[in-house]
Amino acid sequence: MKRDFDLLSMGEIMLRLSPPDNERITRGDSFSKQAGGAELNSATGAAMLGLRCGIISKLPANDLGMYIKNRVRLCGVSDDYLVYDEDRDARLGVYYYENGAYPRKPRIVYDRNYTSVNKISVDDYDDSLYTAARCFHTSGITLALSPQVRETAVEMIRRFKDQGTIISFDVNFRGNLWTGAEAKACIESILPYVDIFFCSEDTARLTFLKEGDVRTIMKSFTQEYPISIVASTQRVVHSPKRHSFGSVIYSAKEDVFYEEAPYKDIEVVDRIGSGDAYISGVLYGLLSWEGEYQRALEYGNAVSALKNTVPGDLLYTDLNEIEGIIREHKSTGRIAEMDR
Ligand SMILES: Nc1ncnc2c1ncn2[C@@H]1O[C@H](COP(=O)(O)OP(=O)(O)OP(=O)(O)O)[C@@H](O)[C@H]1O
Ligand SMILES: O=C(O)C(=O)C[C@H](O)[C@H](O)CO
């Protein structure tokens with residue numbers, strides 16, 4: 001079967017408003033305007049690397065919705081599956097984000113109740129959607145938004161899975177949307193459908209109450225559910241502007257773990273979307289070269305590391321830049337080893 005897309009992701013797309021530079025939300029006069037949202041962030045990164053990607057979402061049929069549609073197109077992501085809310089009171093979700101600078105923590109204010117995405121339904125789409133892509137991706141943020149969005153997302157997961165689509169899922173825990181216990185119960189109900197599971201080590205411990213080392217934890221998900229691949233990010237925050245980032249991938253079929261030296265001293269300009277960018281890189285690798293998990297991990301780590309240095313939720317990059325970063329990371333890793 002010919003599938004037009006490599007990756008379709010589903011979720012809320014938001015307007016992000018940030019005070020310029022290090023200004024405060026409580027003081028400054030202006031906000032810079034950007035688009036964001038976990039699933040769009042992941043689709044964008046994958047599209048920048050060369051995958052054919054689209055986003056499934058519902059937007060208000062007004063100028064704000066058009067702004068988002070234009071951004072989606074600018075990123076090389078298809079708007080074929082954006083649907084529009086014609087109601088007079090249609091709303092776009094907004095979030096305000098203020099940068100951190102030690103010792104000031106980054107601040108976030110959500111304005112995302114009663115937004116158009118909360119009206120999304122499987123009836124907005126015809127059945128051809130479910131055979132359009134090789135892989136469908138969504139995250140815990142989508143499941144947490146409202147009963148209506150959750151019901152739509154879960155039904156989409158089922159229908160895509162029925163059509164032989166690879167299901168990718170990121171836990172993306174957000175404490176301001178639901179509790180750990182709610183997240184655990186809901187996500188466990190969809191894990192029987194998931195093929196590629198993204199769950200950071202921290203979240204596995206805090207939300208799924210896993211214990212033991214990271215490898216034991218990752219393997220346990222595949223023992224409980226028919227998951228083929230688990231990918232876990234490991235972030236160490238040295239300060240708001242300096243992070244280390246690495247990850248582990250486990251392939252259940254081969255019973256093998258993949259890792260590389262972490263990116264040790266990332267200069268963080270904007271960390272939002274860096275977890276989503278990891279997914280872009282890993283899915284790019286997995287969908288481009290079957291079974292090359294080590295390579296997928298290297299792309300995931302490099303794309304995530306780069307995203308930290310780019311302002312806004314959405315990554316702008318290309319394959320050449322990422323491959324340059326991977327080469328450099330490998331050679332510096334080797335030099336560090338020789339130094340020891
Ligand atoms: N049950 C929980 N209670 C409180 N905090 C939690 C819980 N589960 C996860 N967290 C925290 O929520 C944050 C976001 O989680 P997660 O790692 O899933 O998302 P992410 O945005 O993809 O992260 P990253 O960008 O680091 O990959 C993490 O700091 C994690 O430690
Ligand atoms: O927090 C959310 O719901 C968003 O989608 C905003 C950001 O894009 C997201 O947190 C990045 O992962």
Side-chain angles (χ1 to χ4, degrees), residues 14 16-23 32 34-49 71 75 95-108 139 141 170-174 198-203 231-249 259-285 296-333 336:
M14 304 173 85
R16 163 172 155 173
L17 297 176
S18 288
D21 307 318
N22 289 317
E23 188 48 275
S32 84
Q34 314 220 12
E39 294 82 3
L40 176 64
N41 303 343
S42 294
T44 296
M48 298 263 156
L49 299 179
R71 283 280 140 180
C75 298
Y95 83 99
Y96 298 83
Y97 179 73
E98 174 182 310
N99 261 325
Y102 184 78
R104 164 157 62 116
K105 296 233 157 53
R107 299 180 77 95
I108 189 157
S139 88
I141 294 178
D170 179 18
V171 176
N172 241 337
F173 181 79
R174 295 291 177 269
F198 292 93
C199 181
S200 67
E201 183 181 344
D202 275 2
T203 297
S232 291
T233 53
Q234 296 168 306
R235 181 190 297 277
V236 181
V237 178
H238 305 298
S239 78
K241 302 287 178 212
R242 297 277 163 191
H243 294 187
S244 299
F245 183 87
S247 67
V248 187
I249 287 184
E259 276 187 80
E260 68 168 346
Y263 283 75
K264 280 230 172 83
D265 203 14
I266 299 170
E267 192 176 326
V268 180
V269 172
D270 187 337
R271 73 160 281 185
I272 303 257
S274 55
D276 309 323
Y278 174 74
I279 289 165
S280 311
V282 171
L283 290 183
Y284 172 74
L297 173 123
E298 288 166 9
Y299 278 72
N301 288 346
V303 177
S304 181
L306 179 73
K307 167 62 206 62
N308 280 286
T309 70
V310 177
D313 281 37
L314 299 172
L315 179 58
Y316 275 71
T317 187
D318 58 35
L319 209 47
N320 260 339
E321 185 178 38
I322 295 301
E323 289 177 344
I325 290 172
I326 293 173
R327 275 196 302 275
E328 201 179 308
H329 180 62
K330 285 187 170 171
S331 67
T332 12

J.: What distance separates M48 CE from T317 OG1, expressed to the nearest 0.5 Å?
T.: 8.5 Å
J.: Kindly compute the distance separating CD (Q234) from CG (N301), expressed to the nearest 0.5 Å.
T.: 9.5 Å
J.: If you look at every heavy atom in C199 and S232, which pair is closest and at what distance?
T.: O-OG, 2.8 Å
J.: Can you give me the closest heavy-atom contact between G45 and L315, atom names plus distance?
T.: CA-CD2, 4.5 Å
J.: Which distance, rounded to the nearest 0.5 Å, do you find between the OG1 of T309 and the CD of E267?
T.: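 One finds 8.5 Å between OG1 of T309 and CD of E267.
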J.: With side-chain contact (heavy atoms from CB on, under 4.5 Å) as the test, would you mind laying out the steps for S247 and L297 before giving the verdict?
T.: CA-CA 7 Å; S247 67; L297 173 123; 3.3 Å; yes
J.: Determine whether L314 and N41 satisfy the following criterion, side-chain contact (heavy atoms from CB on, under 4.5 Å), listing intermediate values before the conclusion.
T.: CA-CA 5 Å; L314 299 172; N41 303 343; 3.3 Å; yes
J.: Cut-off 3.5 Å, side chains only: do S304 and R235 have a donor facing an acceptor?
T.: no
J.: Tell me whether R242 at atom CZ has more than 12 heavy atoms from other residues, nucleotides or ligands lying less than 6.0 Å away.
T.: yes
J.: Going by side-chain contact (heavy atoms from CB on, under 4.5 Å), Y263 matches just one of T332, I325, N308, L306. Which one?
T.: I325
J.: Here's a test for you: under side-chain contact (heavy atoms from CB on, under 4.5 Å), which of D170, I141, T44 qualifies with D276?
T.: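 Only one option passes, and that is D170.
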J.: Of all the heavy-atom pairs spanning V303 and S280, show the shortest one and how long it is.
T.: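 Where V303 meets S280 most closely, the heavy atoms are CG1-CB, 4.4 Å.
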J.: Under the criterion side-chain contact (heavy atoms from CB on, under 4.5 Å), I'd like the reasoning laid out for L283 against F198: C-alpha separation, chi angles, the key distance, then a yes or no.
T.: CA-CA 11 Å; L283 290 183; F198 292 93; 4.2 Å; yes
J.: Do you know which two heavy atoms are closest between G281 and L49, and how far apart they sit?
T.: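 Shortest heavy-atom separation between G281 and L49 comes out as CA-CD1, 4.2 Å.
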J.: Would you say E39 and S139 are linked by a side-chain donor-acceptor pair, where the criterion is simply a distance under 3.5 Å?
T.: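 A pair is found: one side chain offers a donor N or O, the other an acceptor, under 3.5 Å apart.
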J.: How would you list, by chain and number, every residue that makes a ring pair (Phe, Tyr, Trp, His ring centres under 6.0 Å) with Y96, sequence neighbours excluded?
T.: F31
J.: Apply side-chain contact (heavy atoms from CB on, under 4.5 Å) to L40 and R71, showing your working.
T.: CA-CA 10 Å; L40 176 64; R71 283 280 140 180; 5.8 Å; no
J.: Kindly compute the distance separating OH (Y316) from SG (C75), expressed to the nearest 0.5 Å.
T.: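 Nearest 0.5 Å value for the OH-SG distance: 3.5 Å.
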J.: Excluding sequence neighbours, so at least two apart, what forms side chain to side chain contact (heavy atoms under 4.5 Å, CB included) with R16?
T.: S18, Q34, Y95, Y97, D270, I272, D313
J.: What's the separation between atom NE2 in H329 and atom CD1 in I322, rounded to the nearest 0.5 Å?
T.: 12.5 Å
J.: Does any non-hydrogen side-chain atom of F173 lie less than 4.5 Å from one of D202?
T.: no
J.: With rounding to the nearest 0.5 Å, note down the distance linking CZ in F245 to CZ in R271.
T.: 9.5 Å
J.: Closest approach of R104 and E98, non-hydrogen atoms and distance?
T.: NH1-OE2, 2.6 Å
